[in-house]
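For reference, the structure is listed below as structure tokens.
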Protein chains: 2
Amino acid sequence: MGRLSRRPAQPDAPAGKPLALKTAAARPARPKTANRLKRIEAKRGAILDAALALFSRYGLHGTTVEQIARTAAVSKTNLFYYFASKEDVYVGVLSRLLDQWLEPLRDLQLDTDPIEGIGEYIRRKVLFSRTHPEASRLFCLEMVQGAPLLRHELETSLKQLVDAKAEVIRGWTAAGKLGPIDPYHLIFAIWATTQHYADFASQVDALLNTGLDDERFVEEVTRNVQRIILDGLRVRKDD
Amino acid sequence: MGRLSRRPAQPDAPAGKPLALKTAAARPARPKTANRLKRIEAKRGAILDAALALFSRYGLHGTTVEQIARTAAVSKTNLFYYFASKEDVYVGVLSRLLDQWLEPLRDLQLDTDPIEGIGEYIRRKVLFSRTHPEASRLFCLEMVQGAPLLRHELETSLKQLVDAKAEVIRGWTAAGKLGPIDPYHLIFAIWATTQHYADFASQVDALLNTGLDDERFVEEVTRNVQRIILDGLRVRKDD
DNA sequence: GTCTATAAATAGATAGAC
DNA sequence: GTCTATCTATTTATAGAC
């Protein structure tokens with residue numbers, strides 16, 4: 001390919017398989033003290049933080065490297081010392097993102113009472129929307145645009161996890177502890193409703209003049225989502 | 001401002017108030033036959049269609065004017081004859097979008113039985129996700145990024161409509177025909193769950209290997225969303 | 001590791017002929 | 001209305017000194 005330069009905007013898509021975060025270790029070898037490595041990771045982290053804030057607001061192509069550098073308080077040239085390209089930064093951000101996004105699902109305690117367990121999951125997802133709105137929005141942006149970079153992870157890590165949790169939900173229903181419901185659509189409904197308050201925050205704000213910044217609203221959202229999702233799932237005699 | 005040229009990527013935001021679609025009438029006056037106007041509108045429409053497909057997939061900054069032109073089968077120069085700028089195209093697309101997006105809400109028949117009415121609204125929203133996935137996704141993209149161009153419309157047209165429908169839902173509850181629920185959160189839940197299958201189609205596909213292209217899946221989604229949303233809302237003795 | 005140029009190319013937009 | 005040619009700012013990325 002010779003001279004590397006700006007590539008056409010489109011093939012965002014071709015996207016390789018594993019989505020591996022190129023670590024500093026890939027750089028020309030040099031004796032690295034623990035301290036040195038720590039400083040490098042700190043700087044990389046600061047750049048990724050700045051990039052998340054910008055990518056989630058303006059998208060990949062709406063954000064310039066210059067902006068990321070300025071926000072992270074490093075020079076543009078310096079940024080290119082830590083990351084091979086803008087796309088490399090983007091991949092780095094997405095990589096951290098998926099882990100964060102998956103965390104509440106991993107922690108979903110399905111070995112308890114279903115109503116309690118699902119209620120707690122909803123609470124944690126709402127909390128995630130509150131504490132990581134930018135992560136939620138960038139994840140959303142990436143999904144909406146076809147998830148070119150995450151597709152592989154979705155089909156492996158995510159699918160495995162979701163399949164396992166779906167099985168437990170089926171078990172609850174079979175045991176008569178939960179009304180009959182398709183577990184996948186239930187999980188989608190929980191994701192959709194809880195993420196909505198982060199992803200569509202501008203719409204919520206336009207209509208209600210508030211958002212997850214307000215702690216009382218967080219409580220209100222949690223209560224209402226729990227009610228909507230759970231009240232139809234209790235076991236009733238008239239079924 | 002003199003020479004017009006590319007503006008900095010960011011202030012996507014400053015965004016004026018009304019979001020008016022600059023019509024062909026704004027062009028230098030010339031005697032226009034009905035036929036002529038029709039051809040102009042047809043061409044503008046074709047460009048907007050192409051732009052919707054691309055903007056919804058790659059975002060505003062990820063799409064080039066060249067691509068829009070090629071997709072619409074016109075030359076780039078010709079496109080600039082019909083639209084003053086790339087942003088002008090974008091505003092044109094968004095303007096059509098909001099109308100489409102609002103349509104099912106307008107048609108929401110709240111003067112019938114609540115369970116039936118809300119069930120029908122869900123059905124129509126799922127159908128919209130099926131028939132207008134690109135519109136749904138671009139709307140989502142715009143919301144996630146802060147809705148700079150739609151903010152005004154959200155605070156006026158949308159708010160007015162939603163407030164009105166919320167009042168009816170409250171009426172149902174007061175009349176004992178519907179369980180007690182916050183109408184806004186109910187509406188958010190319906191939007192979130194139904195739009196999810198268009199906006200997060202790539203995630204749904206990664207997990208279930210299907211999507212709204214499949215008519216049976218459309219039915220499945222409709223049934224499940226209706227069940228999840230509605231089953232908790234019926235009036236029960238044990239309340 | 002960090003900085004000062006600067007290269008290379010894209011992409012939005014216009015001029016002006018037909 | 002449509003096309004060919006072109007202008008120019010922006011932006012990604014690199015070279016090379018310190």
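Below, all heavy atoms of this structure are taken into account, side chains as well, without hydrogens, waters or symmetry copies. None of these values were measured; they are calculated from a predicted model. Here is the naming used below: chain letters follow the sequence lines, and residue numbers restart at 1 for every chain.
- To the nearest angstrom, P of dA15(C) lies 17 Å from CG of N78(B).
- A donor-acceptor contact closer than 3.5 angstrom is absent between the side chains of Y82(A) and D88(A).
- Side-chain N/O atoms of Y82(B) include one lying less than 4.0 angstrom from OP1 or OP2 on dT2(D).
- Without hydrogens or angle criteria, T194(A) side chain to I122(A) main chain gives no donor-acceptor distance under 3.5 Å.
- Taking 4.5 Å as the limit, some side-chain heavy atom of N78(A) sits within range of a side-chain heavy atom of K43(A).
- The listed nucleotides are dA11(C), dT14(C), dT2(D); the one nearest the side chain of F80(B) is dT14(C).
- The OH-C1' distance, from Y90(B) to dG12(C), rounds to 17 Å in whole Å.
- Between I40(A) atom CD1 and dT2(C) atom C1' there is a gap of 14 Å when expressed in whole angstrom units.
- Residue R70(B) contributes atom CZ, which lies 12 Å from atom C1' of dA11(C) at whole-angstrom precision.
- In this structure, CZ of F83(B) is placed 15 Å from P of dG12(C), rounded to the nearest angstrom.
- To the nearest angstrom, C1' of dA13(C) lies 14 Å from CD of E87(B).
- In this model, the phosphate group of dC3(D) is approached by a side-chain N or O of S75(B) to a distance below 4.0 Å at OP1 or OP2.
- Closest to the side chain of K43(A), from the set dT2(C), dA11(C), dT12(D), is dT2(C).
- Between the side chains of H185(B) and E220(A), at least one donor-acceptor pair of N or O atoms lies under 3.5 Å.
- Among dT2(D), dT2(C), dG12(C), the nucleotide with an atom closest to any side-chain atom of Y81(B) is dT2(D).
- Regarding contacts with the backbone of dC3(C), every side-chain N or O of K76(A) stays at 4.0 angstrom or more from both OP1 and OP2.
- With dT12(D), dC3(C), dG12(C) as the candidates, the nucleotide lying closest to the side chain of T77(A) is dC3(C).
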Dump the intermediate steps for side chain to side chain donor-acceptor pair (under 3.5 Å) on Y197(B) and Q203(B), then the final yes or no. CA-CA 9 Å; Y197(B) 295 92; Q203(B) 193 182 46; over 6 Å; no

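- Atom C1' of nucleotide dT14(D) and atom NZ of K86(A) are separated by 17 Å, given to the nearest angstrom.
- Look at CG on L79(A): it is 10 Å from P on dA13(D), rounded to the nearest Å.
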